Amino acid sequence: MVDVLSPTTPDQLRDAVGWALGSETPLEIIGSGSKRAFGHSVRTNAVLDCSKLSGILFYQPEELVISARAGTPLADIKAALAEKNQQFHFEPGNFPALLDGSSGPDAGTIGGLVACNLAGPRRIKVGAARDHLLGFEAVSGRAEDFKSGGRVMKNVTGFDLSKLMAGSFGTLGVMHTVTLKVMPNDETSATVIVACSDPRAAGKAMTIAMGSENEVSAAAWIAPEDAPHLDVPLAGEYGSGLVALRVEGPKPSVAWRADALCRALAGFGECHEVPESHSHSIWKVVANVAPFVASENTGSVLWRVSVPPASGGDICAQLIEKTGGRAMMDWAGGLIWLQIAASDAAGTPDAMAGTIRDIVANVGGQANLVRASDEIRQATPVFHPEDPALARINARIKENLDPKGILNPGRIAPVSLNGEGA
């Protein structure tokens, strides 16, 4: 039987963690549970459900700041921002749809988004969720309140705990309040598409675009078989893969920069600027990684590969050649989504993981397993193995904030027989 603790206030949250600490009961920390399948399973019969810690505490559009309880649905926050023509500049997609395919648009909570440090196509220009987290309030594994930051961006001294908590997957503390920077929507945007089926050539085209004076805010490559997902008439007419490049800002500037990109990249393939309405739909597809959502790819294995953008095209081509998988590039080649069919992934998951990680290690990259069967997740480290020196630092941080290891044990690294693991 699973014990579910559902605090509705920060004080109740602290009491719940205090009970777990006193009884040395491991806790699985969840919000809506939409990203529960990301990472390793937490082996416990006690769940700390933070979904009732919900609600926008304050939103000051003129100050470009919003603060909310961690369990607030992301859809509610995006709706509030849209009313004021504002957005999260790091452009989070619908990540839960990649895991089980059962979640609706903008699924998940704001706390889960920060805890996993997710970001969409504009990541290459403005950073990830952690770069927009102004502050948080949380309860540590010692059942103690702690917080960091505030409501404004400013220079501070000391240890930046906000950067630490974003991406910690709830293993260092349970956030109950987060404060983030927001930004106005741009006046307009345009997307230039370039016919290009070769990932190596696509990587070079994106590198040239990012190095130009045209202030490209997003750059992606979609393979020929996935181009129809873009729902852009020209995409179907090309019958090829596509490089997509976005520029944003005032209309005259956007028009000039889009035209400049078409001229600069004409040597790679036929170039066109698509209308603004299609531009928005393209980047929604890219942010949501729509070609690889779980509902349309039953049983497949999905990897998320991070490499230096300039190496992306070559690494993408190698991964396709070695695994027989399908791939899509975002972040100008810095992010590669690699999907391997269930039939190709079966048998020796460790060997496949070793092949992928050996390829990306040559350029200092990382490969994380996003979606796989329970059997593969148990047999294969989900997250890229850490450098030993970094692992020692992380272990000391974990020991200080959660000495009994009660917060999401095993989520990042499986718990071993001697009890070790994050």
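The model shown is predicted, which means the values in this text are computed figures rather than measured ones.
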*Asks:* Find out whether L265 and L245 are in side-chain contact, i.e. whether some heavy atom of one side chain is under 4.5 Å from a heavy atom of the other.
*Replies:* yes
*Asks:* Checking side-chain polar atoms at under 3.5 Å, does S373 have a donor or acceptor matched by the opposite partner on R377?
*Replies:* no
*Asks:* Between the side chain of H384 and the main-chain N/O of A367, is any donor-acceptor distance below 3.5 Å?
*Replies:* yes
*Asks:* When rounded to the nearest 0.5 angstrom, what distance separates CZ in R304 from CG in L335?
*Replies:* 5.5 Å
*Asks:* Give me the ring orientation class for F95 and F38: parallel if the planes are under 30° apart, tilted from 30 to 60°, perpendicular past 60°.
*Replies:* tilted
*Asks:* Where is the tightest heavy-atom contact between V174 and C50, given as atom of each residue plus distance?
*Replies:* CG1-SG, 3.7 Å
*Asks:* What residue among E276, E91, E273 forms salt bridge (charged side-chain N to carboxylate O under 4.0 Å, His left out) with R246?
*Replies:* E91
*Asks:* Please confirm whether the backbone N or O of G313 pairs with a side-chain atom of R200, one donor and one acceptor, at under 3.5 Å?
*Replies:* no
*Asks:* Using side-chain heavy atoms (C-beta onward) and a distance below 4.5 Å, is I124 in contact with M210?
*Replies:* yes
*Asks:* Between E270 and H272, is any side-chain donor less than 3.5 angstrom from a side-chain acceptor?
*Replies:* yes
*Asks:* Should V289 and V293 be marked as a side chain to side chain contact (heavy atoms under 4.5 Å, CB included) after you check the CA-CA gap, both sets of side-chain angles, and the distance that decides it?
*Replies:* CA-CA 7 Å; V289 200; V293 295; over 6 Å; no
*Asks:* Starting from the C-alpha separation in whole Å, work towards a yes-or-no answer on side chain to side chain contact (heavy atoms under 4.5 Å, CB included) for L53 and L13.
*Replies:* CA-CA 9 Å; L53 288 162; L13 173 62; 4.1 Å; yes
*Asks:* Are the side chains of P92 and K78 in contact, using a 4.5 Å heavy-atom criterion?
*Replies:* yes
*Asks:* Using 0.5 Å steps for rounding, measure from the CG atom of L338 to the CD1 atom of I320.
*Replies:* 7.5 Å
*Asks:* Could you check whether Q318 and D314, counting side-chain N and O atoms only, form a donor-acceptor pair closer than 3.5 Å?
*Replies:* yes
*Asks:* Show your working on salt bridge (Lys or Arg N to Asp or Glu O under 4.0 Å) between E137 and R14 and close with a plain yes or no.
*Replies:* CA-CA 12 Å; E137 297 178 36; R14 186 179 62 249; over 6 Å; no
*Asks:* Is the closest side-chain heavy-atom distance between P309 and M206 below 4.5 Å?
*Replies:* no
*Asks:* Distance only, no hydrogens: is a donor on one side chain within 3.5 Å (strictly under) of an acceptor on the other, for E28 and T44?
*Replies:* no
*Asks:* Do the side-chain N and O atoms of T9 and D11 include a donor-acceptor pair separated by under 3.5 angstrom?
*Replies:* no
*Asks:* For a quick test of reading the model, state the closest non-hydrogen atom pair linking G405 to P409 and the distance between them.
*Replies:* O-CB, 3.5 Å
*Asks:* Starting at CD1 of I77, measure out to CD1 of I110 and round the result to the nearest 0.5 Å.
*Replies:* 4.5 Å
*Asks:* Work out which heavy atom in A128 is nearest to a heavy atom in A119; give both atom names and the distance.
*Replies:* CA-CB, 3.7 Å
*Asks:* If only side-chain N and O atoms count, and only distance matters, is there a donor-acceptor pair under 3.5 Å linking R371 with S300?
*Replies:* yes
*Asks:* Within the side chain of W331, is there an N or O that forms a donor-acceptor pair under 3.5 Å with the backbone of G120?
*Replies:* yes
*Asks:* For E83 and Y59, test the side chains for any donor-to-acceptor distance below 3.5 angstrom and give the result as yes or no.
*Replies:* no
*Asks:* Which atom names give the shortest non-hydrogen contact between T72 and S54, and what distance separates them?
*Replies:* CA-OG, 3.5 Å
*Asks:* Between the main-chain N or O of A107 and the side-chain N or O of N94, is there a donor-acceptor pair closer than 3.5 Å?
*Replies:* yes
*Asks:* Is there a donor-acceptor pair closer than 3.5 Å between any side-chain N or O of R130 and the backbone N or O of A166?
*Replies:* yes
*Asks:* Nearest 0.5 Å please: distance from the CG atom of L407 over to the CG atom of L27.
*Replies:* 6.5 Å
*Asks:* Closest heavy-atom contact between V382 and R357?
*Replies:* O-NH2, 3.0 Å
*Asks:* Does K147 NZ have over 12 foreign heavy atoms under 6.0 Å away?
*Replies:* no
*Asks:* Would R326 and N297 count as having a side-chain donor-acceptor pair, cut-off 3.5 Å?
*Replies:* yes
*Asks:* Answer yes or no: is there a side-chain heavy-atom contact under 4.5 Å between L57 and R69?
*Replies:* yes
*Asks:* Look at the side chain of R257 and the backbone N and O of N214, then say whether any donor-acceptor pair between them is shorter than 3.5 Å.
*Replies:* yes
*Asks:* Quick one: does F136's side chain get under 4.5 Å of V114's, heavy atoms only?
*Replies:* no
*Asks:* With a 3.5 Å distance limit and no angle check, can you tell me whether T207 reaches the backbone of G203 through a side-chain donor-acceptor pair?
*Replies:* yes
*Asks:* Hey, is NZ on K125 packed in by over 12 heavy atoms from elsewhere, all under 6.0 Å?
*Replies:* yes
*Asks:* Could you give me the CA-CA distance, side-chain angles and deciding distance for W303 and L319, then say whether side chain to side chain contact (heavy atoms under 4.5 Å, CB included) is met?
*Replies:* CA-CA 11 Å; W303 287 84; L319 290 172; over 6 Å; no
*Asks:* In terms of relative ring orientation, are H132 and F90 parallel, tilted or perpendicular, with 30° and 60° separating the classes?
*Replies:* tilted
*Asks:* What I'd like to find out is whether the side chain of L133 reaches to under 4.5 Å of the side chain of T179, using heavy atoms alone.
*Replies:* no
*Asks:* Using modelled atom types only, decide if a donor and an acceptor are shared between the side chain of R411 and the backbone of S41 within a distance under 3.5 Å.
*Replies:* no
*Asks:* What are the two closest heavy atoms between L81 and V182, and how far apart are they?
*Replies:* CD2-CG1, 3.7 Å
*Asks:* Would you compute the distance between atom OG of S140 and atom CG of D402 and round it to the nearest 0.5 angstrom?
*Replies:* 7.5 Å
*Asks:* To the closest 0.5 Å, what do you measure between CD1 (I193) and NE2 (H278)?
*Replies:* 9.5 Å
*Asks:* Whether the side chain of N408 engages the backbone of I29 through a donor-acceptor N/O pair (distance < 3.5 Å, no angle test) should be reported.
*Replies:* yes
*Asks:* Would you check if the side chain of S279 reaches a backbone N or O of P275 as a donor-acceptor pair within less than 3.5 Å?
*Replies:* no
*Asks:* Does atom CD of E225 have more than 12 heavy-atom neighbours from other groups under 6.0 Å away?
*Replies:* yes
*Asks:* Quick one: are L180 and V65 in side-chain contact, heavy atoms under 4.5 Å?
*Replies:* no
*Asks:* Just by distance, no angles: are the side chains of N185 and Q86 close enough, under 3.5 Å, to form a donor-acceptor pair?
*Replies:* no
*Asks:* The test is side chain to side chain contact (heavy atoms under 4.5 Å, CB included); show your working for I208 and F268 and say whether it passes.
*Replies:* CA-CA 11 Å; I208 289 172; F268 288 91; 3.6 Å; yes
